[in-house]
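Before any comments, here is the structure.
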Amino acid sequence: MNIQGVLLDLDGTLVNSIQDMHLALNLALSDVAFPVVSYKQVQLWVGNGIDTLVQRGLSCDSDINPDLSATLVKQATERFKAHYQQLVGEYAELYPGVEIGLYELGNVPKALVTNKDRAFTLQLLQKLNIAKHFDVIVCGDDGNKKPDPQLLKLACEQLGVSASQAIMIGDSKSDILAAHSAEMPVIALNYGYNQGEALSQFNPQYLCEQFSDIIPILTNHN
């Protein structure tokens, strides 16, 4: 395997951004007179985009209540986005080893592939000063969100590599399944937002405990 491109997820892989999202969600829930939720709950609910997160908050469960009204969901989602825009990056921080790791991968073309909306992604990257590490940025509003493989395929096109020449690095079932569907190898990171599921059951090619573990894997394949 000759790696010509590296695709990286954002939240839960590079950045711990739960606190920002937790605060924004609780403010939005309060705005629509719904009870607030815990940090631990939000940690289990993130990873599938803002719309899903808000609906899980309104349902107070990972399983979305099918009886939620479309008007309520729209209102709560709009309130979340308004609050989140004010909070993006305020409490977010890079995971240990990420900044050094990105520098060590400096010679490899890199794409950020996230389910997050582009406006919030760019805001967060700017706040953490890591946009410079990426040749390509593909976001949730550019196509179908992971676990659909569309964003990964789009990133490969923009990097000018085939899926078999690239590798996906992420922290969730969605990242792994998207990579499998794109016929791309994948490194899963155990420390992120795995929604309480053991990532090993989804058969990633590699399972790492910390970000720095990926460096020897990628170095040995170049």
For [X] and [Y], indicate whether the former's side chain and the latter's backbone hold a donor-acceptor pair under 3.5 Å.
| X | Y | value |
| --- | --- | --- |
| Gln195 | Val46 | yes |
| Arg118 | Ile137 | yes |
| Gln4 | Gln165 | no |
| Glu183 | Ala163 | no |
| Thr13 | Asp171 | yes |
| Lys116 | Leu10 | no |

State, yes or no, whether a side-chain contact exists between [X] and [Y] at a heavy-atom distance under 4.5 Å.
| X | Y | answer |
| --- | --- | --- |
| Leu199 | Ile176 | yes |
| Ile214 | Tyr206 | no |
| Leu128 | Leu14 | no |
| Leu154 | Glu157 | yes |
| Gln210 | Tyr95 | no |
| Leu125 | Leu112 | yes |

| query | Got a sec, which residues hit side-chain hydrogen bond (donor to acceptor under 3.5 Å, both in side chains) with Gln43, two or more places apart in sequence or on another chain? | reply | none

| query | By side-chain hydrogen bond (donor to acceptor under 3.5 Å, both in side chains), which residues pair with Ser212, not counting sequence neighbours? | reply | none

Are [X] and [Y] connected in the hydrophobic side-chain network, where two residues link if heavy atoms are under 4.5 Å apart?
| X | Y | answer |
| --- | --- | --- |
| Val42 | Tyr193 | yes |
| Leu102 | Val108 | yes |
| Ile215 | Leu189 | yes |
| Val15 | Leu122 | yes |
| Phe80 | Leu87 | no |

| Under the side chain to side chain contact (heavy atoms under 4.5 Å, CB included) criterion, do Val88 and Lys127 qualify, and how do the steps go? | CA-CA 8 Å; Val88 174; Lys127 196 91 173 182; 5.9 Å; no

| query | Should we count CD of Glu197 as having more than 12 external heavy atoms under 6.0 Å? | reply |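 Counting neighbours around CD of Glu197, more than 12 heavy atoms of other residues, nucleotides or ligands fall under 6.0 Å, so yes.
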
| query | If you count the non-hydrogen atoms of other residues, nucleotides and ligands that lie under 6.0 Å from CG in Leu68, is the total more than 12? | reply |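 Yes, the 6.0 Å shell around CG holds more than 12 heavy atoms from other groups.
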
| message | Between Phe134 and Leu8, does the side chain to side chain contact (heavy atoms under 4.5 Å, CB included) criterion hold? Intermediate values first, please. | response | CA-CA 9 Å; Phe134 301 101; Leu8 295 119; 3.8 Å; yes

| Candidate pair Met168 and Asp9, rule side chain to side chain contact (heavy atoms under 4.5 Å, CB included), full reasoning | CA-CA 8 Å; Met168 178 70 202; Asp9 174 55; 3.9 Å; yes

How close do [X] and [Y] get, counting heavy atoms only, and between which atoms?
| X | Y | answer |
| --- | --- | --- |
| Asp117 | Cys139 | C-CB, 4.2 Å |
| Leu58 | Ala76 | CD1-CB, 3.9 Å |
| Leu151 | Gly140 | CD1-CA, 4.1 Å |
| Leu159 | Pro109 | CD2-CB, 4.0 Å |
| Ala92 | Leu124 | CB-CD1, 3.8 Å |

Show the atom names and distances, to 0.1 Å, of all donor-acceptor pairs under 3.5 Å that link a side chain in residues 20-37 to residues at least two apart or in another chain.
from, atom 1, to, atom 2, distance (Å)
Asp20, OD1, Tyr91, N, 2.9
Asp20, OD2, Gly89, N, 2.7
His22, NE2, Asn26, ND2, 3.1
His22, NE2, Val37, O, 2.9
His22, NE2, Tyr39, N, 3.3
Asn26, OD1, Val37, N, 2.8
Asn26, ND2, Val37, O, 3.0
Ser30, OG, Asn26, O, 2.9
Asp31, OD2, Arg79, NE, 2.9
Asp31, OD2, Arg79, NH2, 3.4
Asp31, OD2, His83, NE2, 2.6

Separation of [Y] [atom2] from [X] [atom1] (nearest 0.5 Å):
| X | Y | atom1 | atom2 | answer |
| --- | --- | --- | --- | --- |
| Asn203 | Gln205 | CG | CD | 8.5 Å |
| Ile3 | Ile167 | CD1 | CD1 | 4.5 Å |
| Leu94 | Ile130 | CG | CD1 | 5.0 Å |
| His180 | Leu152 | NE2 | CG | 11.5 Å |
| Ser181 | Lys146 | OG | NZ | 13.0 Å |
| Phe211 | Ile169 | CZ | CD1 | 5.5 Å |

| message | With side-chain hydrogen bond (donor to acceptor under 3.5 Å, both in side chains) as the criterion, how do Asn190 and Glu209 come out once you've worked through the C-alpha distance, each side chain's angles and the decisive distance to 0.1 Å? | response | CA-CA 5 Å; Asn190 252 337; Glu209 297 302 319; 2.8 Å; yes

| If you look only at pairs with a residue in residues 128-141, which of them pass as a side chain to side chain donor-acceptor pair (under 3.5 Å), with sequence neighbours excluded? |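 Counting only pairs at least two positions apart or across chains, the side chain to side chain donor-acceptor pair (under 3.5 Å) contacts touching residues 128-141 are Tyr103-Lys132.
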
| message | Show every side chain to side chain donor-acceptor pair (under 3.5 Å) that has at least one partner inside residues 59-74, sequence neighbours left out. | response | Trp45-Ser62

| With Phe202 via ring pair (Phe, Tyr, Trp, His ring centres under 6.0 Å) - residues at least two apart |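 None.
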
| message | Name the residue from Asn194, Asp148, Asn48, Asn115 that meets the side chain to side chain donor-acceptor pair (under 3.5 Å) definition with Ser174. | response |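 Only match with Ser174 under side chain to side chain donor-acceptor pair (under 3.5 Å): Asn48.
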
| field | Derivation of the side chain to side chain contact (heavy atoms under 4.5 Å, CB included) call for Met184 and Cys156 | value | CA-CA 10 Å; Met184 177 187 304; Cys156 287; 3.5 Å; yes

